[in-house]
Amino acid sequence: MTNFLPEDYGFMSRALQLAARGLYTTTPNPRVGCVLVKDGVVIGEGWHASAGQPHAEINALAKVGAGGTAKNATAYVTLEPCSHHGRTPPCADALITAGVARVVAALSDPNPLVAGQGLARLAAAGIAVASGLLEAEAQELNIGFVSRMTRGRPWLRLKVAISLDGRTALNNGVSQWITGPDARADAHAWRARSCAVLTGFGTVRDDDPRLTVREVDSPRQPRPVVVDSRLETPLTAKLLAGRPLIFAAVHDAEKINALTTRGAEVVVLPNPAGKVDLTAMLLELGRRGFNEILVEAGARLNASLLREGLVDELLIYQAPVLLGDKARGMADLPELVELSGARRLTITDRRMVGADQRILARLT
């Protein structure tokens, strides 16, 4: 195991701060930051802004002052430098050309096109390399990218706003607003970092949501994705303005043409039961480069995703109100007769957002 110096942690922490600047913009690429240090002094910093733009290492090298040089510097990078030609040249080659003496990476690249080859190329050029510094933090920042590269599908985060007694809406469907404005703004930040917001036809029919980011500044909008087995999305639905992906289980040429004319793209993926094949849907979203998906749906779709083991994380906003037993729940899961059948969760974060509690929990 590599023994890192105390100053290594400080410089890598700074690189992670830089990487986080791309939280809303880098998809489908990972969020990466780089800090160049020479004789204990930062001589250049950079982060990756968006696909097709220079990578973090290139931006950091460009920031080295006029007349300065990165020769014999240490590069702290939150993700292993790439070794292949994509939209941009390999960053490993740029670091070699610059003459850096040492490269410290937080996370080895899960992309099979890199997967250790970047560090190997640097080492072959005589550069000291090390990885694993603040690895957990780097992986969390790129949890969707890692999921897509290792599992072929995005990280699925299911968001619900509930009362203290676990209800999401009154029995008549009224749900605006259970939580307060601070919680709603926070939820929009999670939308902004997501590649897509996934919902079901029932939510489109009942609430006519836009599924756009409005409460925080974001240069891009997540793409709406709708599970609509029978292609019943109204042609007047607001989310059609966002060029949604609609996953269906039937191939109705007339309905598909009408929805396509209004900007939607329809993908037909039926399962044997005549519903949308949710696993195949996620694999298709992964193939299209979607890293993180935020689910904002009703109890039926929530339950289907949970039953099929497709939910990675719950994002729960809990308001200090009681709605009663007749109100609607968060997921239409089957009744349990033994506690041994309960789904276990690991709470990874819990905090107050205004008057409401926000809980992040992962399924175990």
Validation row: [X], [Y] side chains within 4.5 angstrom (heavy atoms):
X      : Y      : value
Val225 : Leu211 : no
Leu259 : Ile246 : yes
Arg262 : Arg243 : no
Phe247 : Leu285 : yes
Cys82  : His55  : yes
Val197 : Leu239 : no
Trp155 : Asn291 : no
Leu306 : Leu363 : yes

I'd like to know if [X] pairs up with [Y] as an ion pair, taking the criterion as any Lys NZ or Arg NE/NH1/NH2 lying under 4.0 Å from an Asp or Glu carboxylate oxygen.
X      : Y      : answer
Asp93  : Arg121 : yes
Arg362 : Glu140 : yes
Asp312 : Arg151 : yes
Glu45  : Lys63  : no
Glu292 : Arg31  : yes

I need the minimum non-hydrogen distance between [X] and [Y], along with the two atoms involved.
X      : Y      : answer
Ala297 : Gly200 : CB-N, 4.1 Å
Cys91  : Ile58  : SG-CG1, 4.2 Å
Glu308 : Thr279 : OE1-OG1, 3.8 Å
Val266 : Ala248 : CG1-CB, 4.4 Å
Ala92  : Leu122 : O-CD2, 3.6 Å
Ser108 : Ser131 : OG-OG, 3.9 Å

task: Show the numbers, then the answer: is there a side chain to side chain donor-acceptor pair (under 3.5 Å) between Arg307 and Ser304?
output: CA-CA 5 Å; Arg307 279 197 307 269; Ser304 295; 3.3 Å; yes
Side-chain heavy atoms nearer than 4.5 Å, only ILVMFWY residues, links allowed to pass through others: does that put [X] and [Y] together?
X      : Y      : answer
Val295 : Leu269 : yes
Leu278 : Leu198 : yes
Leu134 : Leu107 : no
Leu282 : Val276 : yes
Val32  : Leu16  : no

Atom [atom1] in [X], atom [atom2] in [Y]: separation rounded to 0.5 Å?
X      : Y      : atom1 : atom2 : answer
Ile359 : Leu314 : CD1   : CG    : 9.5 Å
Leu61  : Glu57  : CG    : CD    : 8.0 Å
Glu265 : Arg223 : CD    : CZ    : 5.0 Å
Asp217 : Tyr24  : CG    : OH    : 9.0 Å
Arg191 : Arg157 : CZ    : CZ    : 14.0 Å

- request: Step by step, work out the side chain to side chain contact (heavy atoms under 4.5 Å, CB included) result for Leu323 and Ile178.
  value: CA-CA 9 Å; Leu323 298 184; Ile178 291 176; 3.9 Å; yes
Can you tell me if [X] has over 12 outside heavy atoms packed within less than 6.0 Å of its [atom1]?
X      : atom1 : answer
Arg300 : CZ    : no
Asn172 : CG    : yes
Arg210 : CZ    : no
Asp39  : CG    : no
Arg205 : CZ    : yes

Please name the residue in the list [options] that meets the side chain to side chain contact (heavy atoms under 4.5 Å, CB included) test with [X].
X      : options                : answer
Tyr317 : Asp186, Val160, Ile162 : Asp186
Thr27  : Pro154, Pro222, Cys195 : Cys195
Arg358 : Gln318, Arg350, Arg351 : Arg351

- request: Please state whether the rings of Phe11 and Tyr76 are parallel, tilted or perpendicular, taking 30° and 60° as the class boundaries.
  value: tilted
- prompt: Do Val204 and Val226 pass the side chain to side chain contact (heavy atoms under 4.5 Å, CB included) test, and can you show the C-alpha distance, the side-chain angles, and the key distance before you say yes or no?
  reply: CA-CA 8 Å; Val204 176; Val226 183; 4.1 Å; yes
message: One pair to check against side chain to side chain contact (heavy atoms under 4.5 Å, CB included): Thr203 and Leu301. What are the steps and the verdict?
response: CA-CA 10 Å; Thr203 299; Leu301 180 54; over 6 Å; no
task: Begin from the C-alpha positions of Thr233 and Asp228 and carry the test side chain to side chain donor-acceptor pair (under 3.5 Å) through to its verdict.
output: CA-CA 7 Å; Thr233 297; Asp228 182 5; 2.7 Å; yes
query: Between Asn59, Asn29, Thr25, which is the residue that forms a side chain to side chain donor-acceptor pair (under 3.5 Å) with His48?
result: Asn29
field: Stepwise side chain to side chain contact (heavy atoms under 4.5 Å, CB included) check, Cys34 with Val77
entry: CA-CA 4 Å; Cys34 177; Val77 191; 3.9 Å; yes
